[in-house]
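Here's the structure we're looking at; comments come further down.
Keep in mind the model is a prediction, meaning the values are calculated, not measured. Chain letters run A, B, ... following the sequence lines, proteins first and then strands; every chain starts at 1.
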Amino acid sequence: MSEFQAPIGTHDVIGPESYEWEGLIGTFAEFAHRFGFSLVISPMFEDIGVFNRGIGENSDVAKKEMYVFTDRGDRTYALRPEGTASVVRAFVQHNPTTPWKAWYATPAFRYERPQAGRYRQHHQVGVEVLGSDDPAVDVEVITLAWRFYEAIGLKRIRLLINSMGHDECRGAYVELLKAHLKANVSSLCEEHQKVWEQNPLRVLDCKKAPCIEVTSNGPMLPDHVCAECSAHFAKVVAGLTSLGITPELNPRLVRGFDYYTRTTFEFVADSLDGAQNAIGGGGRYDKLTEELGGKPTSGIGFGSGIERLLLTRQAEGISSALVDRSVDVFVIDTTDADLATSLCDELRRHGLSVERAFDGRSMKSQMKLADKSGARFALLIGPQEQAAGQVTIRDLRSADHEQAQSQVSRDSVTTAIFNLITK
RNA sequence: GUGGGUGUAGCUCAGCUGGUUAGAGCGCCAGGUUGUGGUCCUGGAGGCCGCGGGUUCGAGACCCGUCACUCACCCCA
């Protein structure tokens, strides 16, 4: 047991697992590009107000899960607990032309007890679109997520969707809901009997039987959003359906952050256990920009947890690699002239992945390393090759020692390798 | 924050009711005669048995504390 370990709830990602991360983030970057999004990199910590106003001071995350600290200049900062607030803060600050379409890959920090698929530092990929309330934007954002999930091989995924309504109709609905809850307080679950008033919408999301009973007899969001919101939502659902992405309407779907308006959605993986089966979520947030001091600007986005996406791939039994990180060539040098250095450099400059051994290992030992590296070819330079100005090329996939080898002059190695690879 | 399980080699784990120099498999390193991998054989390195205290002639085993990991609740990604 080493003296220092990664802090509670954090983890190191090292090879070969990190190849999956490279592949996943690379795939997301590719899809973001296809959909016209550009990368945004913003600070990992912000004035605490960005998050408090962004995600709502009453949300669980803001109340008890934020990593808050004071710097040497007495400024109060928090490590970002999610991706959206920072991006919107950046939007307000720079006021770029709209619609502004940004994607990100970032760690997120929440102080909570770690558990399967839940960490104090986890990682998300996501996108945001600022400056358009066109339902086609909602469709595009959700489609991007969906196509990305398809591309990484996920099959058992469902899209849950709901509309929270805009400021006014949602406000009116919350009043109705409050009245209903108040009349039935004693029938709620133990916990919500105490806290229902703080965030009544959360009671809709409660999985306990008493709360479900009470809320199913009460007002439901879809019946109370205004005509405009209702029409907007219908267009989103129709748009998705036309692309073959069938959303499941879930009138109980409300999310943990207060900023959501209108379209709200969540992706769940049926292959994961219920407690942590949300692999992504998002929605529209038409008031958030104002909360952070900007002009009224509608926005929508989603975030998806990298750890959970990889867990889901595992749970679905997907074994295909997301990226090829195999070595092309392994250079074996048993001379004392270190001829490997220049040969490696030459091949690498031509774009090949090249590995070699160090520390003057024996021929046999270097061959073993070449085998373990998974390289297709081994290039051998021993005293004989050195004297003849040649290099031995050996195909490591072949079992036959003699037939697998050929010799070429040192000057034509690169050409010879490329001929073999493309053959 | 609350509760359950677990901490022995790089990894996965054995170590029976406390008893000598702490084990296996995999991995790692080196050999198996002249410069050649994947199989096989032989040898080797590597552990303050999470940490601190206690009981005992004697503790990896028992007791207390502590830290960490893990799972669940809450909530989320």
Report yes if a donor N or O on one partner sits less than 3.5 Å from an acceptor N or O on the other, where the partners are the side chain of [X] and the base of [N]; otherwise report no.
X	N	value
Q405(A)	U36(B)	yes
K372(A)	G27(B)	no
E385(A)	G35(B)	yes
R113(A)	C75(B)	no
D371(A)	G38(B)	no

Whole-Å distance between [N] [atom2] and [X] [atom1]?
X	N	atom1	atom2	result
D336(A)	G35(B)	CG	C1'	14 Å
Q115(A)	A77(B)	CD	P	14 Å
R397(A)	G38(B)	CZ	P	19 Å
K364(A)	U39(B)	NZ	C1'	12 Å
D12(A)	C69(B)	CG	P	12 Å
L24(A)	A77(B)	CG	P	17 Å
M367(A)	G35(B)	CE	P	15 Å
F4(A)	C67(B)	CZ	P	17 Å

task: Starting from the 5' end of RNA chain B, give me the residue, A116(A) or Q407(A), whose nearest nucleotide shows up first.
output: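 Its nearest nucleotide lies further toward 5', so the answer is Q407(A).
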
Whichever of L380(A) and Y119(A) has its nearest RNA chain B nucleotide further upstream toward 5':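 It is L380(A), whose closest nucleotide lies nearer the 5' terminus.
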
Under a 3.5 Å cut-off for both distances, is [N] Watson-Crick or wobble paired, and to whom?
N	result
G25(B)	C11(B)
G1(B)	C73(B)
U55(B)	none
U66(B)	G50(B)
C40(B)	G32(B)
U20(B)	none

message: Ring centres under 6.0 Å, that's the criterion: do W103(A) and H33(A) meet it?
response: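 Ring centroids of W103(A) and H33(A) are no less than 6.0 Å from each other.
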
What does [X] touch in the nucleic acid at a heavy-atom separation under 4.0 angstrom: a base, only the sugar-phosphate, or nothing?
X	answer
L396(A)	base
E82(A)	nothing
A370(A)	nothing
R120(A)	nothing
Q124(A)	sugar-phosphate
E307(A)	nothing
E266(A)	nothing
T392(A)	nothing
K368(A)	sugar-phosphate
I8(A)	sugar-phosphate
D205(A)	sugar-phosphate

message: Taking G50(B) as the reference, what is the distance to U2(B) when you measure between their P atoms (whole Å, please)?
response: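 Result for the P pair: 25 Å, nearest Å.
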
- request: Quote, to the nearest angstrom, the P distance that separates U42(B) from C26(B).
  value: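 Roughly 11 Å separates the two P atoms.
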
What nucleotide among [options] has an atom nearest to a side-chain atom of [X]?
X	options	answer
Q276(A)	A68(B), A77(B), C73(B)	C73(B)
S365(A)	A30(B), C29(B), A72(B)	A30(B)
A278(A)	G35(B), C75(B), A77(B)	A77(B)

Indicate the ring-plane relationship of [X] and [Y], choosing parallel, tilted or perpendicular according to the 30° and 60° boundaries.
X	Y	value
F148(A)	F28(A)	perpendicular
F302(A)	F265(A)	tilted
Y149(A)	F267(A)	perpendicular
H123(A)	W21(A)	perpendicular

task: Spell out, as yes or no, whether a donor-acceptor pair under 3.5 Å connects the side chain of R158(A) to the backbone of A269(A).
output: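 Pair absent, no side-chain N/O of R158(A) close to backbone of A269(A).
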
message: Pairing donors with acceptors under 3.5 angstrom, does anything connect the side chains of Y285(A) and E128(A)?
response: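 Judged by distance alone, the side chains do pair up.
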
R376(A) and S326(A): CA distance, side-chain angles, deciding distance, side-chain hydrogen bond (donor to acceptor under 3.5 Å, both in side chains) verdict: CA-CA 9 Å; R376(A) 164 94 188 270; S326(A) 60; over 6 Å; no

